[in-house]
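Notes to accompany the following structure.
Chain letters run A, B, ... following the sequence lines, proteins first and then strands; every chain starts at 1.
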Amino acid sequence: METGFLPRGRFQGLLDALHRAGYRCFGPQVRDGAIVYAAVSASEDLPQGMRDHQSPGYYRLERTSSLRYFGWANGPQALKPLVFAPHEVLWRARRLPDGGIEFSTEPPSTDKLAVIGVRACDLAALALQDRHFLAAPQSDPHYAARRARLFVVAVHCSDPSDTCFCVSTGDGPQASAGFDLALSELDDGFLVESGTALGAGVAAALELEVVSAEARAAAARQIEAARERQHRRLPSRNLRAALFANLEHPRWEDVAGRCLACGNCTSVCPTCFCHAGIESPGLSGETSMHARAWDSCFTQGHSYINSVTVRSDTRARYRQWLTHKLGSWHEQFGRSGCVGCGRCISWCPVGIDITEEAGAVCAGAADE
Amino acid sequence: MTEQRNITIRVPVLARVEGEGALELETRGQDITTLRLRIFEPPRLFEKILEERDYSEVPEIVARICGICPVAYQMSAVHAFERLFGVDPGSWVRDMRRVLYCGEWVQSHALHIHLLAAPDLLGYDNAIAMARDHAEVVRRGLQLQALGNDLIRLFGARSVHPVGVRVGGFYHAPSRSDVAELYVRLLAAVPDAEALVRWAAALDLPAGEQRFVSVSLRHPAEYPMNAGRLTSSAGLDVAVEEFELHFAEQQVEHSTALYCLLKGRPYLVGPLARINLNLERLPAAVRVVLDESGILWPSRNPFHAIVARAAEIYYAVLEASRILKDYSVPAAPYTAVEPKAGVAIASTEAPRGMLWHRYDVNEDGRVVRARIVPPTSQNQARIEADLRHSLEAFGLDHSDDELRRRCEMVIRSYDPCISCATHFLDLRIERY
Amino acid sequence: MTPVAAGYKPQVAVHKFASCDGCQLAFLNLGEDLLLLSSLVEFVHFAEAGPVNPEAPVDIAFVEGSISTAKDVERIQLVRARSRFLVTIGACATAGGLQALRNLADGQAWIADIYAIPAYVESLMSSTAVAQHVKVDLELWGCPVSSRQLVAAVRALLFGVAPVEERDKVCMECKRSQIVCVMVAHGLPCMGPVTRTGCGALCPSFGRDCYACYGPAENPNTQALTRRLEGLGIAPAAIGRRFLSINNGAAPFTEAGLRLMHDHD
Amino acid sequence: MNELLLPHEAEVVERVNESPTIFTLRLQFCDQSKHARYRFTPGQFNMLYLYGVGEVPISVVSDPQDDTLFDHTIRAVGRVTRGLAQLRVGDRLGIRGPYGHGWPLREAEGRDVLIITGGLGCAPAVSVINYVTRRRQHFGELVIVQGVKHADDLIWAERYRRWSTLEHTQVLVAADVGNTLWPWHVGRVTDLFSQMHIDPRKTIVMMCGPEGMMRIAVDRLRERGIDDSAMWLSMERSMQCAVGRCGHCQFGGKFVCRDGPVFNYAEIKVLLSVRGI
Ligand SMILES: Cc1cc2nc3c(=O)[nH]c(=O)nc-3n(C[C@H](O)[C@H](O)[C@H](O)COP(=O)(O)OP(=O)(O)OC[C@H]3O[C@@H](n4cnc5c(N)ncnc54)[C@H](O)[C@@H]3O)c2cc1C
Ligand code: SF4
Ligand code: SF4
Ligand code: SF4
């Protein structure tokens with residue numbers, strides 16, 4: 001859609017326009033040594049000049065003299081916690097004096113929320129979560145309420161990290177869909193592109209300038225460079241057959257020796273959706289809350305059925321993670337569950353690399 | 001003339017004290033032949049556990065000596081190491097440690113007053129029974145206790161064995177909004193805390209003066225908590241490093257706690273001793289209430305400890321709110337430290353009284369030897385002396401039940417923390 | 001357990017063995033819920049709070065502290081015999097506590113080192129978990145256990161069902177709270193990946209490494225974590241001390257710690 | 001709108017003790033219009049909510065034609081089911097459902113029906129048996145095979161006896177460990193396979209029981225010439241939501257709650273052969 005140019009000095013105008021349109025703004029911020037999404041009101045809140053260094057099991061920030069706000073690759077969070085909350089009360093039960101039980105539920109608060117700085121991989125992941133939580137016959141009301149209030153300001157990725165591989169999955173670095181607005185950041189300002197009518201409405205309030213041919217070329221070059229910087233890749237976009245043909249591969253045992261089965265990978269993964277039901281009765285016993293909380297295929301509870309844990313060891317649990325993410329996801333959603341964000345590589349405390357493990361198990365599988 | 005009788009009273013488990021203790025009393029006519037405060041808390045040998053540990057592990061380990069005053073153990077330990085390593089963590093850390101300690105005083109004193117001591121004074125078996133008739137008093141107490149706990153949580157994430165303290169400062173600085181929230185609650189608690197002192201002073205406390213020496217830290221400018229010199233009402237005034245020159249511990253057969261004596265004599269530590277020695281360091285608001293209490297301070301009636309405790313709650317609430325009023329988040333909540341070999345010594349004021357630590361440290365910063373002298377071992381001889389005195393004053397011709405009740409009441413008024421009292425050191429220092 | 005009949009207040013005892021009293025405090029720190037709790041159950045023995053009746057038969061016994069004297073050994077049998085449901089609370093009762101370190105050292109020498117007249121001190125050479133002496137119905141891990149854990153256990157028992165066992169790794173709670181991983185972002189030697197949930201990931205939430213006070217999680221890979229900590233530049237003996245700390249008596253930690261201590265003597 | 005996961009209040013109208021650990025709850029929704037709208041097919045399940053404790057998936061075992069009550073037969077094994085075991089007539093619980101796909105009743109018409117169950121796997125199959133016996137003319141031979149570990153575990157012995165008297169119906173029951181009054185086979189249930197009166201070419205198999213048992217049974221039936229696509233298995237996995245969202249019940253790419261619990265063997269063949277999937 002329409003593209004215009006927003007000079008760096010007027011970036012605050014975007015935040016103001018969003019606030020005026022009734023949105024709370026969430027954007028990248030440095031917190032506890034990482035870039036995370038948090039409430040922003042002023043452009044000074046953004047991580048100007050920050051860049052990241054990531055490798056398996058490693059993440060550090062460095063402050064540079066760059067003027068850019070978005071010159072970094074994704075931190076530990078995706079959009080996931082904002083739509084699929086880590087812990088959410090689904091309904092409440094109340095014991096009535098006559099022994100009856102009264103159930104009630106309310107959707108979460110649906111304050112309008114604009115998220116700034118979202119990358120292509122996370123948009124692809126959001127689309128996958130949408131397919132999961134909004135699928136017919138009935139969408140999940142809690143997810144739907146959080147999702148409906150979301151306004152997405154994407155940023156085409158200019159600085160992928162060492163662990164990124166969205167080119168290999170076909171999901172980045174350029175955001176192609178799923179945003180209301182998308183920005184290309186240049187040193188002196190931003191190319192602004194709207195993806196929805198809602199986005200166009202906000203853009204209209206910004207009094208954008210005409211985009212110069214140079215700026216357009218610089219933005220394109222930057223994305224191309226980002227593409228070329230990536231060196232990790234998966235053997236193929238569809239590893240379903242290769243994985244399910246290798247369910248007894250010795251590599252599973254090997255990775256089980258290194259894996260902590262801690263669930264960090266599934267927690268930071270923007271597409272993982274597993275959750276457990278948690279019942280919390282009040283001490284008096286008069287009321288009880290039923291919540292869902294993020295769970296992981298690396299926990300025992302995930303596959304526990306009275307007295308049997310189907311996946312009792314790490315070998316089976318890691319195999320479940322990889323065969324689901326890169327294999328059976330195709331069956332469930334028509335594509336792989338991996339969008340190449342690289343989080344599970346950086347944030348694995350022991351630095352296990354999904355591309356390397358998939359490569360080892362599926363050696364020989366080529367693009368279909 | 002009362003009839004001659006021989007009494008043997010055993011209270012096998014002392015209720016409403018922390019840890020496991022018992023009392024044995026034998027009399028012959030009007031004479032007390034045996035009076036033993038038995039502490040049979042099994043020893044946990046913390047001084048040995050500490051050996052070979054890195055200085056940075058010590059705050060976590062010593063906290064586990066006592067669940068009621070873990071902050072005190074952490075404070076004595078970090079100050080000891082910082083003194084040895086020559087580190088000054090700066091005013092923010094100093095202030096926030098004071099707030100943290102205030103939290104512990106408030107929670108510990110509120111717990112003691114309401115759940116342990118008040119039922120005695122009002123004639124109930126326990127606080128739950130007491131709550132039926134004095135709901136508001138108990139509720140106020142529980143709220144103050146919760147406030148103290150939340151102050152500890154602000155800096156420690158939890159109130160028992162908090163995780164925020166490190167040598168050099170804190171792991172984490174609370175956010176301004178978290179502090180603001182607590183500040184509001186602190187202000188709201190001021191009238192409750194003041195009312196609590198008046199309530200305590202109005203209790204029908206047994207009368208009677210005793211002769212005892214009070215011992216506490218004294219600081220030139222502050223009511224004592226984390227710093228000061230060792231002083232006594234008998235004129236002692238020495239640096240904490242000189243503790244071992246004046247105080248000696250000895251083992252007795254009936255107790256796993258060691259008795260600590262000052263120049264061979266029992267002495268008192270704790271809130272009453274602190275108030276007795278530091279009256280003029282209290283802010284005017286607290287002094288006014290103390291003056292209006294009808295008690296002449298310094299007090300020689302050990303039962304006034306409950307009033308002293310209430311006054312310290314009031315003080316701690318005021319002090320924490322004074323410090324947090326203009327809170328700001330520092331650039332870093334701690335100063336990096338470089339270990340050094342030597343002897344690390346510090347003493348701070350635990351809710352129950354002065355707590356002295358000594359660590360012999362090697363050049364890697366590992367503990368070679370540790371010695372910890374907690375308040376309860378310091379008070380133990382004093383408690384026995386008080387029991388003797390109080391029973392004689394009370395008269396042995398009361399029924400066994402009445403005698404037992406009176407003994408328990410005396411012991412409890414010292415708020416002995418028997419869990420702490422389990423790990424006292426060898427007697428090599430007896431030569432002093 | 002069967003559900004509690006209307007009008008019946010289950011009888012509860014809180015027993016103390018070798019401990020710091022911090023776990024019992026999870027009751028006393030309940031605030032006003034303490035009053036609510038005492039309207040739901042009858043504390044028949046809870047020395048620190050008042051009632052002393054250690055021999056009364058009870059529905060639920062909470063046991064704090066480790067078994068470290070010959071008397072303790074007898075007393076815990078009695079506690080078991082008089083209780084329908086026995087819950088250990090905290091690292092001492094569940095894994096022997098910090099004081100279980102003496103099991104790995106020369107306990108007698110330790111006592112001699114501290115007490116001038118060791119003969120006065122009556123203590124076993126060991127400090128052991130309650131489950132090594134009697135059957136335990138539920139173990140609540142943590143040093144200390146939290147009020148939340150106790151309330152959940154009591155509530156479940158009042159409903160007549162077994163309490164939920166928490167056994168996932170601290171990392172799961174850490175990520176649910178959206179805490180930035182301190183191991184990855186700061187290179188800190190976090191024990192979260194082998195430690196049981198329950199605390200709410202307090203240490204990482206304060207920007208520091210977990211020191212495993214909740215004991216081992218299910219399926220802990222202590223060897224993989226050891227290699228990682230070595231990679232962070234931590235000396236083997238220091239890693240060993242991290243395992244041999246608050247929960248040194250829990251089997252996966254004892255093994256991991258001793259392995260490190262012996263390999264690198 | 002916001003009711004996807006919300007249970008509905010139901011009342012225990014009748015309670016039957018089937019064995020020391022197995023019991024049947026006969027239920028009715030408290031809201032009559034809800035009850036009137038409630039429809040299920042054999043093999044489907046409900047989520048049962050025990051107040052303050054949690055939810056568990058349990059098959060509906062009653063006859064779908066019975067619109068007065070619906071039944072759940074439950075074995076008390078863990079925290080929720082042991083809690084459910086304490087419910088008495090008049091007590092309330094929460095129910096949501098029915099979920100999943102039931103047995104292939106339409107495909108079974110005109111064919112011999114072989115029902116193989118192990119342990120409490122018989123529960124979800126009972127309604128199929130009732131369905132077939134009530135519409136006898138639509139089906140060929142009916143063979144019912146049930147295995148239990150211990151003779152005391154067998155519930156509904158009376159029903160098995162009654163079914164065995166019906167025409168064109170064969171009942172084969174085995175217990176690994178028998179007792180003195182045990183009238184049936186003592187030994188593995190698979191020992192009985194050679195006795196089954198079936199025509200492999202026109203047989204449809206419905207199976208429910210422990211995975212190990214089903215694996216062996218499938219192998220033996222394939223040896224007898226039964227086609228993979230003629231065998232249907234009811235699978236069990238952990239279920240938290242029952243609507244295909246929580247991810248716990250994944251079995252390869254399937255969500256057992258939504259795509260199952262009844263699967264055609266041809267579809268899950270590879271998965272069933274691997275342990276820990
Ligand atoms: C489709 C289907 C139909 C079924 N039909 C029947 C039937 O008709 N009759 C019958 O008796 N049974 C049936 N079952 C089995 C029944 O669901 C289980 O026996 C029941 O779930 C056991 O629950 P429990 O709480 O009693 O047992 P537990 O063993 O205590 O718990 C089992 C479940 O609780 C959860 N859980 C327990 N502990 C934890 C933990 N620490 N962390 C996280 N989660 C935990 C797990 O999700 C686990 O699946 C069926 C199962 C399925 C899938
Ligand atoms: S699998 Fe790993 S790389 Fe792929 S989307 Fe998930 S976290 Fe990112
Ligand atoms: S900080 Fe520790 S507990 Fe949290 S995810 Fe990292 S390793 Fe796990
Ligand atoms: S994070 Fe670890 S050490 Fe810290 S409180 Fe939790 S379990 Fe204990």
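- Options D:Gly54, D:Gly52, D:Gly78 differ in how many heavy-atom pairs under 4.5 Å they form with chain C, and the most are formed by D:Gly52.
- In this structure, the side chains of D:Arg82 and C:Val161 stay at 4.5 Å or more apart for every pair of heavy atoms.
- D:Lys149 NZ: 12 or fewer foreign heavy atoms inside a 6.0 Å radius.
- Applying the 6.0 Å contact sphere to CZ of C:Arg227 captures more than 12 heavy atoms from other residues, nucleotides or ligands.
- Surrounding CZ of D:Arg215 are more than 12 heavy atoms belonging to other residues, nucleotides or ligands, all under 6.0 Å away.
- Among all heavy-atom pairs drawn from C:Ala162 and D:Arg79, the shortest one is O-NE, 2.7 Å.
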